[in-house]
Every structure is written in structure tokens, then in C-alpha cells.
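Fair warning: this is a prediction, and the values are worked out from it, not measured in the lab. Sequential numbering from 1 along the given sequence is applied to the chain's residues.
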Amino acid sequence: MLLVLGFSNPKVTPQKLQTNPSFLNIGLQKYLQSLEKKGFSGTILIAKKGEIIVHNAYGMSDKSRGLKNGKKTIYDIGSVTKQFTAAAILKLEMHKKLSVNDPISKYFVEIPMDKKEITIHHLLTHTSGLVASIGSDYEEISEKDFLHRVFASQLKSDIGEKFRYSNIGYSLLSIIIEKVSGMGYETFLNKELFRPSGMQNTGYRLPNWDSNSIAKGYSKKREHKKPNEEHWGKDGPFLNLMGNGGILSNAEDLFKWHTALLGNAILDKKAKEKYFYPHIPEDASGESFYAYGWVHMPFGPGRTAIWHNGGNGIFFGDFWRFVQEDVAIIVMSNKYRRAKDDVIAEKISTIIL
């Protein structure tokens with residue numbers, strides 16, 4: 001089952017801005033040097049004003065073969081996938097192929113009465129009331145069986161009432177993308193998002209990866225398969241994972257995505273306003289909000305972090321953006337350490353900002 005990570009509304013203590021660049025560099029260097037000693041395994045990229053200022057790799061990508069993680073190593077990015085699904089929906093809306101206000105009954109037949117009022121917007125914001133999942137990530141399941149089980153499930157809350165994280169909502173979005181575009185989910189993302197952004201190493205099956213570039217996963221007791229060696233179909237993972245997680249990428253490609261989103265070529269201004277808008281509070285505290293595949297969160301006075309993370313208990317990805325400052329922080333790991341890897345991007349943000 002896809003493990004959703006990081007939606008704990010990290011508490012950020014506003015700090016006085018440090019104006020001595022050398023002090024910042026020393027502090028950042030010390031922190032980064034401490035990570036591998038403490039067991040971090042992965043790749044970190046930090047960019048500011050369009051310039052990559054840190055691009056480091058730590059640990060091993062394949063211990064049995066003595067291969068180290070590198071700057072170009074490919075990882076499973078988990079629920080960071082959701083921002084691509086959301087962008088694809090908005091791209092189709094830009095082409096006037098759909099509206100985020102469309103009810104899903106426009107795209108699926110035989111929807112039970114309790115779910116007829118669910119819209120695409122509800123799926124994007126996790127306000128559909130649908131359950132989080134209906135099976136494990138690598139379970140082989142047909143579209144017909146998947147839809148039957150989703151629509152037979154009991155709603156966990158009223159439609160539009162509250163934020164309730166649902167992976168299967170994003171899997172439904174992947175089906176809608178295919179129905180409306182007439183292409184496979186990954187094919188559409190590759191054509192409309194990845195290639196125009198210069199991203200050649202992001203996807204499920206389409207990229208022409210060197211097998212050595214894809215990291216194996218590690219947990220405390222065992223070595224795991226490479227993500228694309230798990231039980232997938234010919235077009236990638238089955239629907240319990242498709243669209244909500246499991247895309248493979250590297251830090252360089254995510255930086256290219258950050259750069260593309262600063263312009264209007266991939267998504268126009270109107271689409272990006274919806275994409276990053278804080279649509280729904282994640283909990284009663286109101287300290288963070290869910291946008292479309294992103295979290296929108298205040299980060300000190302006058303500053304906003306746009307971020308999302310995810311993982312499966314083995315691989316972990318974290319992607320933070322500060323648009324006003326043009327800062328991107330990307331953390332990717334193939335040996336997830338709970339409560340340690342989750343805070344790396346936040347700590348780096350505090351240091352450099």
C-alpha cells in the first residue's frame with residue numbers, strides 16, 4: 001500500500017533572516033555532511049534563482065554490486081506523482097476537453113447515488129470522501145474490477161465536507177485522463193508535460209533508462225527490487241498505484257519541472273492559479289492547505305512553501321518550492337528513515353532562507 005508521508009503540518013518557527021552568505025554556506029555544508037554519517041541514502045538538489053547550488057549523492061544504489069547513488073540516480077518518487085496527474089487534468093482543461101467542476105458521472109457509468117455528486121475538483125483536493133485505498137500497490141487488478149470496488153466502497157465523509165487523503169481518487173483521475181485524451185496516462189504526461197519540460201528520465205515505462213541508473217530499495221532488514229521490477233503491467237503499475245504514486249524520476253528532472261512551472265508554457269497563468277491555490281485545510285488547525293497535488297503552507301512571515309512528498313516505506317521523495325524566492329529543494333531516498341528523511345527538506349529550507 002502506498003504510504004503517504006509528511007502531511008503532519010510541520011511546525012516552522014520563524015527565524016530572523018541571516019544575511020551572511022558564508023555563514024549560510026557553512027551551516028548548510030555542516031548539515032549536509034552530517035546526513036550520510038547518520039545513514040541517509042539518496043540524492044539532494046538545492047537550487048536558487050535558477051542555479052543549482054547543491055547536488056549531492058549519498059549511500060548505495062545497489063549494495064550487492066557496489067554501486068553508489070549518483071546525481072542522476074532514478075528513484076520512486078511516491079505521491080510526488082500526484083502533481084503530474086493534477087497538471088495533466090489542468091492541461092486538458094486548458095484544451096477545453098474537460099472542466100474541474102465536471103461530475104465524475106460524466107466519465108463513468110453506473111455510479112451509485114451517494115457518489116454521483118463527486119467532481120474532478122473533489123478528487124484533486126481529496127474532498128471526495130472516498131476511502132484511501134482498496135488494495136495493495138502491486139495487486140493486479142482490471143479497470144472493471146477497480147471501478148467496481150471503488151464505487152462499492154462506503155464514503156468516509158460527505159462529499160466536499162473535509163480533506164481526507166485518497167489515493168484511489170487520483171487513480172480515478174488517471175482513468176479520466178486516458179478517456180479524455182485518447183492516450184495512455186503515461187503517454188499523455190510524456191507528451192504534454194515531461195518532454196516539453198526537458199524531462200527525459202521521468203515516467204513508468206517510457207524512458208530509455210540504463211538499468212544501472214535505477215536504485216534498489218533498502219529497509220533495515222532487506223534489499224528490495226528496483227521499482228520497475230515489481231509486479232507491473234505492460235504500461236506500468238496497476239490502478240491501485242497508477243496516477244497516485246510510483247513514478248520514477250531523478251533530482252535533475254524535478255528541477256527541470258520546477259523551472260518549467262515558473263513560466264507559462266506548460267500551464268498558463270489561470271491553470272497555475274488553480275494548481276497552487278490553497279483549496280482546503282488539511283486539518284482543523286488551518287496551518288496547511290491542499291492545492292491540486294501540492295501542499296500550500298505558510299513558512300515564516302510573508303513566505304509560502306509549496307511542497308509534496310511521498311513514499312512506500314522504502315523509497316521516499318520530497319519536493320519543496322518557494323516561488324517568490326525561486327528556490328527548489330529536492331530530496332530523494334532509497335532507504336527511508338521515518339521521522340528523519342521527512343524533515344530534511346524543511347531543515348534545508350530553514351537554513352537557506
Side-chain angles (χ1 to χ4, degrees), residues 1-7 35-45 55-84 132-133 135-140 167 170 186 201-233 235-254 308-319 330-345:
M1 180 181 297
L2 189 71
L3 177 65
V4 178
L5 302 163
F7 293 96
L35 291 177
E36 191 161 28
K37 294 178 183 177
K38 295 178 180 179
F40 175 71
S41 177
T43 302
I44 293 175
L45 185 150
H55 196 182
N56 295 345
Y58 310 79
M60 306 297 291
S61 68
D62 188 335
K63 292 182 180 179
S64 61
R65 299 178 61 199
L67 299 178
K68 294 182 178 182
N69 285 322
K71 294 180 179 182
K72 298 181 182 294
T73 299
I74 305 293
Y75 303 89
D76 181 337
I77 63 172
S79 286
V80 177
T81 299
K82 289 181 173 66
Q83 64 189 250
F84 298 128
S133 61
S136 64
D137 281 359
Y138 304 121
E139 176 186 354
E140 185 170 346
N167 284 313
Y170 269 74
E186 184 188 4
N201 294 291
T202 301
Y204 288 130
R205 293 288 197 196
L206 292 179
N208 185 26
W209 285 305
D210 174 353
S211 177
N212 289 334
S213 69
I214 302 174
K216 287 186 175 181
Y218 292 91
S219 55
K220 288 184 178 179
K221 296 183 178 180
R222 56 176 292 208
E223 178 181 273
H224 300 264
K225 295 178 181 178
K226 296 179 180 183
N228 61 337
E229 294 175 346
E230 295 286 358
H231 185 52
W232 282 8
D235 296 325
F238 299 101
L239 277 164
N240 284 330
L241 186 58
M242 179 76 77
N244 72 66
I247 277 182
L248 310 185
S249 189
N250 64 19
E252 286 184 347
D253 262 23
L254 292 187
H308 208 291
N309 68 9
N312 57 7
I314 302 164
F315 287 89
F316 175 73
D318 205 358
F319 187 5
I330 298 158
V331 178
M332 312 176 88
S333 174
N334 63 328
K335 190 177 75 172
Y336 173 63
R337 305 168 305 155
R338 182 180 294 276
K340 294 180 180 179
D341 292 352
D342 313 53
V343 300
I344 291 174

To the nearest 0.5 Å, tell me how far [X] [atom1] sits from [Y] [atom2].
{"X": "T81", "Y": "N244", "atom1": "OG1", "atom2": "CG", "answer": "7.5 Å"}
{"X": "D210", "Y": "K72", "atom1": "CG", "atom2": "NZ", "answer": "12.0 Å"}
{"X": "T202", "Y": "I247", "atom1": "OG1", "atom2": "CD1", "answer": "7.5 Å"}
{"X": "D76", "Y": "S333", "atom1": "CG", "atom2": "OG", "answer": "11.0 Å"}
{"X": "L35", "Y": "I344", "atom1": "CG", "atom2": "CD1", "answer": "5.0 Å"}
{"X": "L241", "Y": "D137", "atom1": "CG", "atom2": "CG", "answer": "4.5 Å"}

Heavy atoms only: give me the nearest [X]-[Y] pair and the separation to one decimal.
{"X": "F238", "Y": "E139", "answer": "CB-O, 3.4 Å"}
{"X": "G310", "Y": "V80", "answer": "N-CG2, 4.4 Å"}
{"X": "I314", "Y": "G217", "answer": "CG2-CA, 3.5 Å"}
{"X": "H55", "Y": "A251", "answer": "NE2-CB, 4.1 Å"}

Side-chain heavy atoms of [X] within contact of [Y], under 4.5 Å:
{"X": "E186", "Y": "P207", "value": "yes"}
{"X": "M242", "Y": "L239", "value": "yes"}
{"X": "N212", "Y": "L67", "value": "yes"}
{"X": "L248", "Y": "W209", "value": "yes"}
{"X": "H308", "Y": "S79", "value": "yes"}
{"X": "K340", "Y": "K38", "value": "no"}
{"X": "N201", "Y": "I74", "value": "yes"}
{"X": "Y218", "Y": "K63", "value": "yes"}

When the ring centroid of H224 is compared with that of F315, is the distance short of 6.0 Å?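 Not close enough - the centres of the two rings lie 6.0 Å or further apart.
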
Compute the centroid of each ring, for Y204 and then for W232, and state whether the two points are separated by less than 6.0 Å.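 Yes; W232 has its ring centre under 6.0 Å from that of Y204.
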
Using the rule given for side chain to side chain contact (heavy atoms under 4.5 Å, CB included), can you reason through M332 versus L254, listing the C-alpha separation, both sets of side-chain angles and the distance that settles it, and then say yes or no? CA-CA 10 Å; M332 312 176 88; L254 292 187; 4.1 Å; yes

Any donor-acceptor pair under 3.5 Å linking the side chain of D253 with the backbone of S249?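 No, D253 side chain to S249 backbone: no donor-acceptor pair under 3.5 Å.
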
So, does R205 use its side chain to make a donor-acceptor pair with the main chain of G233 at under 3.5 Å? yes

Sequence neighbours left out, what passes ring pair (Phe, Tyr, Trp, His ring centres under 6.0 Å) with F40? Give chain and number order. Y58

Applying ring pair (Phe, Tyr, Trp, His ring centres under 6.0 Å) to Y75 and not counting sequence neighbours gives none

By the salt bridge (Lys or Arg N to Asp or Glu O under 4.0 Å) test, which pairs, at least two apart or in different chains, include something from residues 213-227? D62-K216, K216-E223

Just checking, any donor-acceptor pair under 3.5 angstrom between side chains of [X] and [Y]?
{"X": "T43", "Y": "N69", "answer": "no"}
{"X": "K82", "Y": "N167", "answer": "yes"}
{"X": "D342", "Y": "Y336", "answer": "yes"}

Scan L45, I330, I77 and name whichever one has a side-chain contact (heavy atoms from CB on, under 4.5 Å) with F319. I330

Side chain to side chain donor-acceptor pair (under 3.5 Å) between S41 and N334, worked out: CA-CA 6 Å; S41 177; N334 63 328; 2.7 Å; yes

